[in-house]
Amino acid sequence: MTTPSQPWTVGVLIADDDPLVRAGLSMMLRGASDIRVVAEAGDGTEVLPLVARHAPDVVLMDIRMPVMDGLSATEALRARAGAPEVVVLTTFDADEHVLRALRAGAAGFLLKDTPPEEIVAAVRQVARGLPVLSPAVTRRLIARVADTGRDRHRARALERLTTLNDREREVALALAGGRSNAEIGALLHLSVPTVKTHVSGVLAKLGLNNRVQIALLVHDAGLLDDRE
């Protein structure tokens, strides 16, 4: 007689230098039956050893922390194989920091005043491999970044995208426009498994590790602007 398997729970590590913020997030997440807080870090230097010890699925990462900030910790963490997903905690006055975190491989960002139910939903979504970043927010963030180095970023992004074949490029453009796999399939007359295969190919060719990074690269290249 087989016994039912235990339901999967999402392990979360909270990294924030404010004990009150950590306590609030922990209390909020512990209220969800499918989420467990496995550890808490008060500084970026604590994140990597805690991840190695507790193997969380998701890290909620504050940007501003002493000794090692959340950006540096995100870059160090996502450079490792099998790293958990990272969601940065921030405010809108830190757009450039958010973009740096996303380019480092963070799955998205949350504002610290995000309603509790939305934070819980975001953790579940990121754990499933889906980014927590709407196309509208992506465009607003990029629009608010300083123009310094824009031409250099565009040229570099365009050069990287030349490694894609025509179909992969179409998939990347559609993905950057905020379309789901099903919507991309309908647009390009492809099955969803075929779309997933193309997305995996794009990630591999570009050396990226999530859909958000593809969208940012397409934005950097100015390709969506060219289509509008």
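Residue indices begin at 1 and follow the sequence shown.
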Are T74 and I63 close enough, and set up right, to give a side-chain contact (heavy atoms from CB on, under 4.5 Å), and what steps lead you there? CA-CA 9 Å; T74 296; I63 284 183; over 6 Å; no
Kindly compute the distance separating [atom1] ([X]) from [atom2] ([Y]), expressed to the nearest 0.5 Å.
X	Y	atom1	atom2	value
L60	S26	CG	OG	10.5 Å
L175	R211	CG	CZ	4.0 Å
L110	L89	CG	CG	6.0 Å
R53	E46	CZ	CD	9.5 Å
I14	M28	CD1	CE	8.5 Å
R64	D16	CZ	CG	11.5 Å

Would you find a donor on one side and an acceptor on the other, under 3.5 Å apart, between the side chain of [X] and the backbone of [Y]?
X	Y	value
Q213	N209	yes
E118	P115	no
S72	D69	no

Is the closest side-chain heavy-atom distance between [X] and [Y] below 4.5 Å?
X	Y	answer
V87	M61	no
V86	L77	yes
V192	K196	yes
V51	P56	yes
L158	T162	no
D62	K112	yes
R169	T163	no
L161	L206	yes

Heavy atoms only: give me the nearest [X]-[Y] pair and the separation to one decimal.
X	Y	value
A107	E85	CB-OE1, 3.6 Å
V59	P84	CG2-CG, 3.8 Å
L48	A73	CD1-O, 4.1 Å
A83	R78	O-NH1, 3.4 Å
G11	V38	CA-CG1, 3.9 Å
A176	H219	O-NE2, 3.9 Å

Is it the case that one hydrophobic cluster holds both [X] and [Y], taking links as side-chain heavy atoms less than 4.5 Å apart, direct or via other members?
X	Y	value
I119	V21	yes
I184	L203	yes
M68	V47	no
V120	M27	no

Crowded around R167 CZ? As in, over 12 foreign heavy atoms under 6.0 Å? yes
Between [X] and [Y], does at least one N-O distance fall below 4.0 Å, as a salt bridge requires?
X	Y	answer
R156	D220	no
D34	R124	yes
R22	D17	no

Chi angles and distances behind the side-chain contact (heavy atoms from CB on, under 4.5 Å) call for K205, L164: CA-CA 7 Å; K205 283 188 176 181; L164 304 181; 4.1 Å; yes
Is there a donor in the side chain of T197 and an acceptor in the side chain of T194, or the other way round, less than 3.5 Å apart? no
Exactly one of V195, L173, L187 should register a side-chain contact (heavy atoms from CB on, under 4.5 Å) with R179. Which one does? L187
Step-by-step side-chain contact (heavy atoms from CB on, under 4.5 Å) determination, V10 to V12: CA-CA 6 Å; V10 181; V12 179; 4.2 Å; yes
Should V132 and V123 be marked as a side-chain contact (heavy atoms from CB on, under 4.5 Å) after you check the CA-CA gap, both sets of side-chain angles, and the distance that decides it? CA-CA 9 Å; V132 183; V123 168; over 6 Å; no
